[in-house]
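Convention: sequence-line order gives letters A, B, ...; per-chain numbering from 1. Values reported hereafter were calculated over all heavy atoms of this structure, with side chains retained and with hydrogens, waters and symmetry mates removed.
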Amino acid sequence: MGKYVELTAATFEETVKEGVTLVDFWAPWCGPCRMIAPVIEELAEDFEGKATIAKVNTDEEQDIAVKFGIRSIPTVMIFKNGEVVDQMIGAASKQAFEEKINAHL
Amino acid sequence: MLDCAIIGGGPAGLTAGLYTTRGGLKNVVMYEQGMPGGQITGSSEVENYPGVTGEISGMDLMMPWPEQCMRFGLKHEMVAVTNVSRTEEGTFRITREDGKVDEALSVIVCTGSTPKRAGFNGENELFGRGVSSCATCDGFFYKGKEVAVIGGGDTALEEALYLSKICSKVYLVHRRDRFRAAPSTIERIMNTENIELLLDAVPEEVYGNAMGVTGLRVSFRDGGSRDLEIPGVFVFVGHNVNNAVLKQEDGSWLCDVNEWGQVIVDLSMRTSTPGLFAAGDLRIEAPKQVVCAAGDGATAALQAITYVDEKQNA
């Protein structure tokens, strides 16, 4: 079973540097973040072996949030080989996230 | 064939799910693209839900609802619905975003509403980069900083109070000279030192740089203007109803709607189309309160049960 990865400042660069990675910037107090949480879990299963699905808790990892200029959550960024290639702000459907990932695979 | 399809998983949809399943309908699906709970999960505090005392966040209020509904057999499909249409036999076709199509004897539409944008320059361009419509989500990014809140209703005032606890200062920008919120909320606003009122004022333009918002220009009814050097602008100026699922291929609506696109219902939440019910924020004259949406959901569910019983026993 595929599982998303929780990223920290120590693991972030290493995780996103190769292939396609979806990173969900979230926080525990954010309602819309909680709404997409089960969607992120499903994506982690569906894209196992094809793309990395990751989460950053912006409350605990404020340096990463600042680095990427996160001012609104949920923000979902798509990385390809270490570069940000797309981003979405706010809750969205599973299909919408799938399309964003597939566009870069 | 589903007995009932519920579109949307906020307070109306969840309550409709609870009442239809507990009331005996066997095959009921609630479509919600993520975790159920609805728009209220973004509210910092709810103090007017009957029976719930003390300060509770929208998210905490909604947390136990899905479990209660699922206990009676409600199924949750985590997928967005793109369209609802009627078949020649008088049943309903539910078109899902994943391409599948389900069929249902009755439908309760509970798609709610979405916060409106105020329409000032730069708002869309900087949305998510300093312009926000969720204080509980994004207030944290402005800890110790100054922000502006746009609006003069209950939501604007409640969220301004919430932000005043996190931010060094909150400018409350309202186009009129008085607020249309609960008197107790207005009083708290007046007694909060770090909230500055900018009345008879409209946001003219929000501007910024690559990192996001750096300021907001506000113009006053008397002709003056003022630049606020702030990194955050929170907009609470009302809602648009989410009625897109009812729009048909030929541009018509599946049932009657009014000039604002709100679904016309009777006191039993019946629309002009038999078997189709609407509940919560998207109906006409919706008070936009959790307790009202929940009440609508229950009313619609009881009607749907009667409708389905008649269909099945016809």
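Between B:D138 atom CG and A:T75 atom OG1 the span is 7.5 Å, to the nearest 0.5 Å. Here the straight-line distance linking atom OG of A:S93 with atom CZ of B:R96 works out to 12.0 Å at 0.5 Å rounding. Here the CD atom belonging to A:E99 is positioned 7.0 Å from the CD atom belonging to B:E97, to the nearest 0.5 angstrom.
Contacts with chain A were tallied for B:G38, B:C134, B:G37, B:G130; B:G130 has the most, counting heavy-atom pairs under 4.5 Å. Interface check for chain B: of the options A:V39, A:I36, A:I40, the most heavy-atom pairs under 4.5 Å are formed by A:V39. Put simply, of B:S132, B:G212, B:P36, B:G42, the one with the most heavy-atom pairs under 4.5 Å next to chain A is B:G212. Of the listed residues A:A92, A:G69, A:A65, the one with more heavy-atom pairs under 4.5 angstrom with chain B than any other is A:A92. Of the listed residues (B:G58, B:G9, B:P231, B:A210), the greatest number of heavy-atom pairs within a distance under 4.5 Å of chain A belongs to B:P231.
Between B:T41 and A:M35 the shortest heavy-atom distance is OG1-SD, 4.3 Å.
Using a 4.5 Å cut-off between heavy atoms, B:E32 touches chain A through its side chain atoms alone. Heavy atoms closer than 4.5 Å to chain B are found nowhere in A:E98, neither backbone nor side chain. Proximity to chain A is limited to the side chain of B:M59, based on heavy atoms less than 4.5 angstrom apart.
Within 6.0 Å of the CD atom in B:E125, the count of heavy atoms belonging to other residues, nucleotides or ligands exceeds 12. More than 12 heavy atoms of other shown residues, nucleotides or ligands fall within 6.0 angstrom of atom CG in B:D60.
At least one side-chain heavy atom of B:F141 sits less than 4.5 Å from a side-chain heavy atom of A:I73. Using a 4.5 Å cut-off on side-chain heavy atoms (C-beta onward), B:M78 and A:E42 make contact. Side-chain atoms of A:Q95 and B:V79, non-hydrogen and from C-beta on, do get closer than 4.5 Å to each other.
Listed by sequence position, A:P28, A:W29, A:C30, A:G31, A:P32, A:R34 are the residues of residues 23-34 of chain A in contact with chain B, using a 4.5 angstrom heavy-atom cutoff. When the heavy atoms of residues 49-58 of chain A are compared with those of chain B, the residues falling under 4.5 Å are A:T58, listed by number.
When each of B:V213, B:V131, B:L126 is paired with A:R71, the side-chain contact (heavy atoms from CB on, under 4.5 Å) condition holds for B:V213 and for no other.
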